Amino acid sequence: LKTYPNVFIARANRAQFLAFKENKLDQALEDYRVALREMPNDSFCLINRGTIYILQKNYPAALADGDSLVKTVPWKAKGYLIRGVANDQLGNKEQALEDYTNCIRRDSFDAECWGGRAVLLYNVKRDYAAAKLDFDKAILLDPQKGIHYKNRARCWIKAG
């Protein structure tokens, strides 16, 4: 980077290290900004930057990265996941529900998508039976995540 400060792969790799090993999110964002200037539609960088934006609660920026991912690599589930989380947090509940469903269609092994959709089915649609089924799937895929058990119990309570 001292010799070639704008080289894509070095910026992308350092950004990943800074973000997910050192928790230096702002520095990682700067590296992703430079890397994406060189390769604007790189899905690796967009997924990681979108994830950082979600961690920082910068949902409009996460939504923009999610939109870019869906446009450039519509077969990848992570674009829909990032967009789903951002839309949910921005109050776009129906769009978030659609995004989570599209995520599941592309990767039925993503527990985050199942859990996100289940929460919306419970809170927005009040469809407790469907939410329970989605929580079942999330638990099957990620049995260590306790919130899914708690939320599934809420479905059972609503069902009597």
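Just so it is clear, the structure is predicted and the values come from calculations on it, not from any experiment.
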Examine distances only and state if a side-chain atom of W114 and a backbone atom of L133 form a donor-acceptor pair shorter than 3.5 Å. no
Measure from the side-chain N and O atoms of Y100 to the backbone N and O of E112, and report whether any donor-acceptor pair falls under 3.5 Å. no
Could you go step by step and tell me if R106 and N102 meet the side chain to side chain contact (heavy atoms under 4.5 Å, CB included) rule? CA-CA 6 Å; R106 284 153 181 83; N102 280 319; 3.5 Å; yes
Worked verdict on D42 versus R49 for side chain to side chain contact (heavy atoms under 4.5 Å, CB included): CA-CA 11 Å; D42 181 72; R49 188 174 72 175; over 6 Å; no
Determine, using the 4.5 Å side-chain heavy-atom cutoff (strictly less than), whether [X] and [Y] are members of one ILVMFWY cluster.
{"X": "M39", "Y": "Y4", "answer": "no"}
{"X": "I104", "Y": "L141", "answer": "yes"}
{"X": "V119", "Y": "V124", "answer": "no"}
{"X": "L120", "Y": "Y122", "answer": "no"}
{"X": "F44", "Y": "F8", "answer": "no"}

If you draw a 6.0 Å radius around CZ in F109, do more than 12 non-hydrogen atoms from other residues or ligands fall strictly inside? no
Heavy-atom count around K93 NZ within 6.0 Å, excluding the residue itself: above 12? yes
Candidate list V85, D99, T101, test side chain to side chain contact (heavy atoms under 4.5 Å, CB included), partner Y80, passing option: D99
Under a 4.0 Å N-O cut-off, is there an ion pair linking K78 with D110? yes
Between the side chains of K71 and D67, is the shortest nitrogen-to-carboxylate-oxygen separation below 4.0 Å, so that they form an ion pair? no
Shortest non-hydrogen separation from [X] to [Y] and the atoms involved:
{"X": "A111", "Y": "D142", "result": "CB-CB, 3.7 Å"}
{"X": "A77", "Y": "D107", "result": "CB-CB, 3.5 Å"}
{"X": "A10", "Y": "V7", "result": "CB-CG1, 3.3 Å"}
{"X": "A131", "Y": "C155", "result": "CB-SG, 3.8 Å"}
{"X": "D134", "Y": "A118", "result": "CB-CB, 3.4 Å"}
{"X": "R11", "Y": "A35", "result": "CB-CB, 3.9 Å"}

At what distance, to the nearest 0.5 angstrom, does [atom1] of [X] lie from [atom2] of [Y]?
{"X": "Y32", "Y": "L46", "atom1": "OH", "atom2": "CG", "result": "10.0 Å"}
{"X": "D31", "Y": "N13", "atom1": "CG", "atom2": "CG", "result": "10.0 Å"}
{"X": "K76", "Y": "L81", "atom1": "NZ", "atom2": "CG", "result": "13.5 Å"}
{"X": "L63", "Y": "D88", "atom1": "CG", "atom2": "CG", "result": "12.0 Å"}
{"X": "Y149", "Y": "D136", "atom1": "OH", "atom2": "CG", "result": "10.0 Å"}
{"X": "N48", "Y": "F20", "atom1": "CG", "atom2": "CZ", "result": "4.5 Å"}

Once side chain to side chain donor-acceptor pair (under 3.5 Å) is applied, what residue pairs with a partner in residues 15-25 remain, sequence neighbours excluded? none
Report yes if some heavy atom in the side chain of [X] is under 4.5 Å from a heavy atom in the side chain of [Y]; otherwise report no.
{"X": "S68", "Y": "V70", "value": "no"}
{"X": "Y53", "Y": "T51", "value": "no"}
{"X": "Q95", "Y": "R83", "value": "yes"}
{"X": "R37", "Y": "R33", "value": "yes"}

Can you classify the ring geometry of F135 versus H148 as parallel (below 30°), tilted (30 to 60°) or perpendicular (above 60°)? tilted
Between Q27 and E30, does a side chain to side chain contact (heavy atoms under 4.5 Å, CB included) hold up when you go through it step by step? CA-CA 5 Å; Q27 288 175 270; E30 175 58 22; 5.8 Å; no
Taking it one step at a time, do K150 and K145 satisfy side chain to side chain contact (heavy atoms under 4.5 Å, CB included)? CA-CA 10 Å; K150 174 186 169 192; K145 194 160 189 179; over 6 Å; no
